[in-house]
Peer 1: 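Supplied in structure tokens, the structure appears directly below.
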Amino acid sequence: MTTDLHSTESSNFIREAIEEDLRTGRFAYVQTRFPPEPNGYLHIGHAKALCIDFGMAEAFGGVCNLRYDDTNPVKEDVEFVDAIQEDIQWLGYKWGKQGPLYASDYFEQLYHMALQLILKGKAYVDDLTADEIREYRGTLTEPGRESPFRNRSVEENMDLFKRMRAGEFDEGSRVLRARIDMASSNINMRDPTMYRIIKATHHRTGAEWPIYPMYDFAHGQSDSVEGVTHSLCDLAYEDHRPLYEWFLEELGLFKTRQIEFARLNMTYTILSKRFLKQLVDGGHVRGWDDPRMPTLCGMRRRGYPAKAVRRFIDTIGVAKKENLIEIELLEHLVRDELNQSADRVMGVINPVKVTITNYPEGQVEEMEAINNPEDASAGTRKVPFSREIYIDVDDFREEPPPKYFRLAPGKEVRLRYGYIIKCVDYMKDPQSGEVMEIHCSYDPETRGGYAPDGRKVQGTIHWVSAAHAIDAEVRMYDRLFTEINPNKVEEGTTFKDYLNPDALKVLKDCKLEPSLADAQVGDKFQFERKGFYCMDVDSKPGHPVFNQTVSLRDSWAKIEQKK
RNA sequence: UGGGGCAUGGUGCAAUGGUAGCACACCAGACUUUGGAUCUGUGGAUCUUGGUUCGAAUCCAGGUGCCUCAGCCA
């Protein structure tokens, strides 16, 4: 039970509302929908909506449709349609059997609904310009004014709208508006636009339509037509609910219940498709799937397991309160998932050579190493040991601070699965002062790292045999922004002013143990003592590239920081 | 002096009139051939003021604060 994804079990106000609807008979079944606009890639914020939409359907034995809200051809593209499906499947969800649906499937029906409203005197063609419409709309505190075209006859409206549909008018020259109430305290009810003229090619309907329904005129009816019982959405649509209900009422359609919840916000990240697009188009990242991006494809490439993302969404819960989730929670779950599943391996990211002076030249020993201490079934592997090895520069200090349990002049350290070695000498670059090479002696009695005399050796470090090492590139990532909430930054600045220049660091001379020669793109490993890494698509035969998914918790770094 | 929402530790979510709990974060310790993992422990919250009640985070009234809406975007 606890190992299961129980997003379907945690209590929240939406689940309670649905239960009540079933109990009272308002609905006899549950159906939901996930309605992305194909104008960008899905991000972790969408994952929340997605898990709620699919999760609620699942929980009540219903289905969740995938329906693209493709009512604005100038912003949409098939590229995104395909990517969105891939991301949903990655998270492990299945949409309704009819396959992906599109609001554009309903263009003809929607058109007839508009005609119906015109006939009822509930819609009219307005010749006001966009600017004039805005002026006539009034303000938050003052009522709007009625358009001079508001009282056109049904016949004239029918004629004009049909001619709009026939493509007789220019873009921007006219719109179709609902005839509701220009004095409503809810601005969405002040005769909202239903149709506008757009002469662009639609990714599915091509050039068939010169007019396109607004989201507000399409969404509610699409839900209704599909028999969606519960339309779960962002708080932003709370004010639109009366409008959707008005359309359904006037049209005599099945009445979906809309329930709104707060969108996800996460520290140090931005979750706005518009802003993410700016990062991509502006070249601030390498693409939508850049591992620094909060997109699902970015996270996948970074090495985040889908299950960690699902658990994250489950853990943060659902409410109507504005929230700012700490990114550390996601990272914790990523570590937790990977800790169970990822094989351990040794990789030296910043190498420095160590020569074991008393180890026979030319000798190679195969040391046995455990693949995953959390999973005995993962077995063991052999790691070659020889006279020259690489260790991480961080694991040597000329002047070790107190409690530094690694290699230092005259000090002993254990090489994991290897031997206990002692530093006898080291060479520095006279120019830079950098440590170039370290000389150690080894204790032949300590094979495997065990000291038969029972002597205590506190530190254990990882290493790679120089002659057997695979050269690799490792890309280290950090948060994309330096500001905890890039959505709310000082006036006069934008989120782009807070991009973290150190969010990506490329290390090109990394040394990995030879077992990694068989790794495939997407494979995930723990480089012991460092973090979790995932093989990147940029890998070339014989020269792998690894992304650091997330570092291991580093309590030594914490100790050092305090000083 | 428009409408719609929301207020529980640092963060997020529970508790649905009966001992305010969980996760992450934080701090301290144990263990350790990963300074990982694991284990143990500490601290810390009901926006405010009244009211109802034996009893209020929960119900009522009034304040206060925060978010949000004026696209021919979704």
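Each chain gets a letter, A, B and so on, in the order the sequences are listed, and its residues count up from 1. FYI, side chains are in, hydrogens and waters are out, and symmetry mates aren't considered; it's all heavy atoms of this structure.
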Peer 1: Answer yes or no: is there a donor N or O on one side and an acceptor on the other, between the side chain of T380(A) and the main chain of E368(A), under 3.5 Å?
Peer 2: no
Peer 1: If the C1' atom of rC27(B) is compared with that of rU64(B), how far apart are they to the nearest Å?
Peer 2: 34 Å
Peer 1: For K411(A), I'd like to know if atom NZ has over 12 heavy atoms of other residues, nucleotides or ligands within 6.0 Å.
Peer 2: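 Count not over threshold, so no.
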Peer 1: Report yes if at least one side-chain N or O of T141(A) is closer than 4.0 Å to OP1 or OP2 of rU1(B); otherwise report no.
Peer 2: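 T141(A) to rU1(B) OP1/OP2: no side-chain N or O under 4.0 Å.
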Peer 1: Can the positive tip of R416(A) be found less than 6.0 Å from the middle of the six-membered ring of W463(A), inside 45° of the ring normal?
Peer 2: no
Peer 1: Identify the nucleotide, in any strand shown, that forms a Watson-Crick or G-U wobble pair with rG65(B), with both distances under 3.5 Å; if there is none, say none.
Peer 2: rC6(B)
Peer 1: Using a 3.5 Å cut-off and no angle test, enumerate the donor-acceptor pairs between side-chain atoms of residues 323-332 of chain A and protein atoms at least two apart in sequence or in another chain.
Peer 2:
| unit_1 | atom_1 | unit_2 | atom_2 | d |
| --- | --- | --- | --- | --- |
| N323(A) | OD1 | N265(A) | N | 3.3 |
| N323(A) | ND2 | R263(A) | O | 3.3 |
| N323(A) | ND2 | K321(A) | O | 3.4 |

Peer 1: Set out, in order, the CA-CA distance, both residues' side-chain angles and the distance that settles salt bridge (Lys or Arg N to Asp or Glu O under 4.0 Å) for E366(A) and K382(A), then state yes or no.
Peer 2: CA-CA 5 Å; E366(A) 295 288 325; K382(A) 299 289 189 193; over 6 Å; no
Peer 1: So which protein nitrogen or oxygen atoms get under 3.5 Å of nucleotides 34-43 of chain B's nitrogens or oxygens?
Peer 2:
| unit_1 | atom_1 | unit_2 | atom_2 | d |
| --- | --- | --- | --- | --- |
| rU34(B) | O4' | E528(A) | OE1 | 3.3 |
| rU34(B) | N1 | E528(A) | OE1 | 3.4 |
| rU34(B) | O2 | Q526(A) | OE1 | 2.9 |
| rU34(B) | O2 | R529(A) | N | 2.7 |
| rU34(B) | N3 | Q526(A) | OE1 | 2.5 |
| rU34(B) | O4 | R344(A) | NH1 | 2.3 |
| rG35(B) | OP1 | T460(A) | O | 3.4 |
| rG35(B) | OP1 | R529(A) | NE | 3.2 |
| rG35(B) | OP1 | R529(A) | NH1 | 2.6 |
| rG35(B) | O3' | S555(A) | OG | 3.1 |
| rG35(B) | O2' | S555(A) | OG | 3.3 |
| rG35(B) | N7 | R406(A) | NE | 3.1 |
| rG35(B) | N7 | R406(A) | NH2 | 3.1 |
| rG35(B) | O6 | F405(A) | N | 2.8 |
| rG35(B) | N1 | K403(A) | O | 2.7 |
| rG35(B) | N2 | K403(A) | O | 3.4 |
| rG36(B) | OP1 | S555(A) | OG | 3.1 |
| rG36(B) | N2 | R344(A) | NH1 | 3.3 |
| rG36(B) | N2 | E374(A) | OE2 | 2.9 |
| rA37(B) | O2' | N339(A) | ND2 | 3.1 |
| rA37(B) | O2' | E374(A) | OE2 | 3.2 |

Peer 1: Take D223(A) and R67(A) through the side chain to side chain contact (heavy atoms under 4.5 Å, CB included) test and state the conclusion after the steps.
Peer 2: CA-CA 9 Å; D223(A) 280 347; R67(A) 183 183 67 240; 2.8 Å; yes
Peer 1: Pairing check on rU19(B): which nucleotide meets the Watson-Crick or G-U wobble criteria with it, both distances under 3.5 Å?
Peer 2: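 No nucleotide pairs with rU19(B).
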Peer 1: Mind calculating the distance between NZ (K75(A)) and P (rA74(B)) to the nearest angstrom?
Peer 2: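 In whole Å, rA74(B) P lies 7 Å from K75(A) NZ.
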Peer 1: When you measure from the side-chain N and O atoms of K273(A) to the phosphate of rC73(B), is any distance below 4.0 Å, counting only OP1 and OP2?
Peer 2: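 So the side chain of K273(A) is outside the cut-off, no N or O lying under 4.0 Å from OP1 or OP2 of rC73(B).
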Peer 1: Using purine N1 to pyrimidine N3 plus N6-O4 or O6-N4 for Watson-Crick, or N1-O2 and O6-N3 for G-U wobble, each under 3.5 Å, what pairs with rG55(B)?
Peer 2: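 Per the H-bond distance test, none.
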Peer 1: Taking atom C1' in both rU48(B) and rC6(B), compute the distance separating them and give it to the nearest angstrom.
Peer 2: 16 Å
Peer 1: Please list, pair by pair, any protein nitrogen or oxygen found under 3.5 Å from a nitrogen or oxygen in nucleotides 9-11 of chain B.
Peer 2:
| unit_1 | atom_1 | unit_2 | atom_2 | d |
| --- | --- | --- | --- | --- |
| rG10(B) | N2 | E326(A) | OE1 | 2.8 |
| rU11(B) | O4' | E326(A) | OE2 | 3.3 |
| rU11(B) | O3' | L324(A) | O | 3.4 |
| rU11(B) | O2' | L324(A) | O | 3.0 |

Peer 1: What integer number of Å spans the P atoms of rC39(B) and rA23(B)?
Peer 2: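 Between the two P atoms, the distance is 10 Å.
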Peer 1: Among F161(A), Y215(A), Y212(A), which residue meets the ring pair (Phe, Tyr, Trp, His ring centres under 6.0 Å) test with Y195(A)?
Peer 2: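 The passing option is F161(A).
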Peer 1: Using the side-chain heavy atoms of I133(A), tell me which of these nucleotides is nearest: rG3(B), rC72(B), rA15(B).
Peer 2: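 Within the option list, the nearest is rC72(B).
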Peer 1: Going by salt bridge (Lys or Arg N to Asp or Glu O under 4.0 Å), name the pairs with one or both residues in residues 448-464 of chain A, residues two or more places apart or in two chains.
Peer 2: E412(A)-R455(A), D443(A)-R455(A), D453(A)-R455(A)
Peer 1: Just the table, please: protein N/O against nucleotides 65-67 of chain B N/O, every pair under 3.5 Å.
Peer 2:
none

Peer 1: Over all strands shown, is N72(A) touching base, sugar-phosphate only, or nothing at heavy-atom distances under 4.0 angstrom?
Peer 2: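 Sugar-phosphate: the residue N72(A), judged by heavy atoms under 4.0 Å, touches backbone atoms but no base.
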Peer 1: State the pairing partner of rU40(B); accept Watson-Crick or G-U wobble contacts with both distances under 3.5 Å, and report none otherwise.
Peer 2: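 Partner of rU40(B): rA28(B).
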Peer 1: Strictly below 4.0 Å, heavy-atom distances to any atom of RNA chain B: list the hits from residues 166-176 of chain A, or just say none.
Peer 2: G172(A), V175(A)
Peer 1: Among rC26(B), rA25(B), rA14(B), which nucleotide sits nearest the side chain of N12(A)?
Peer 2: rA14(B)
Peer 1: For a quick test of reading the model: is some side-chain N or O of R137(A) closer than 4.0 Å to OP1 or OP2 of rG71(B)?
Peer 2: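 Yes, such a contact exists.
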Peer 1: Of the nucleotides rC24(B), rC72(B), rA70(B), which has the atom closest to the R196(A) side chain?
Peer 2: rC72(B)
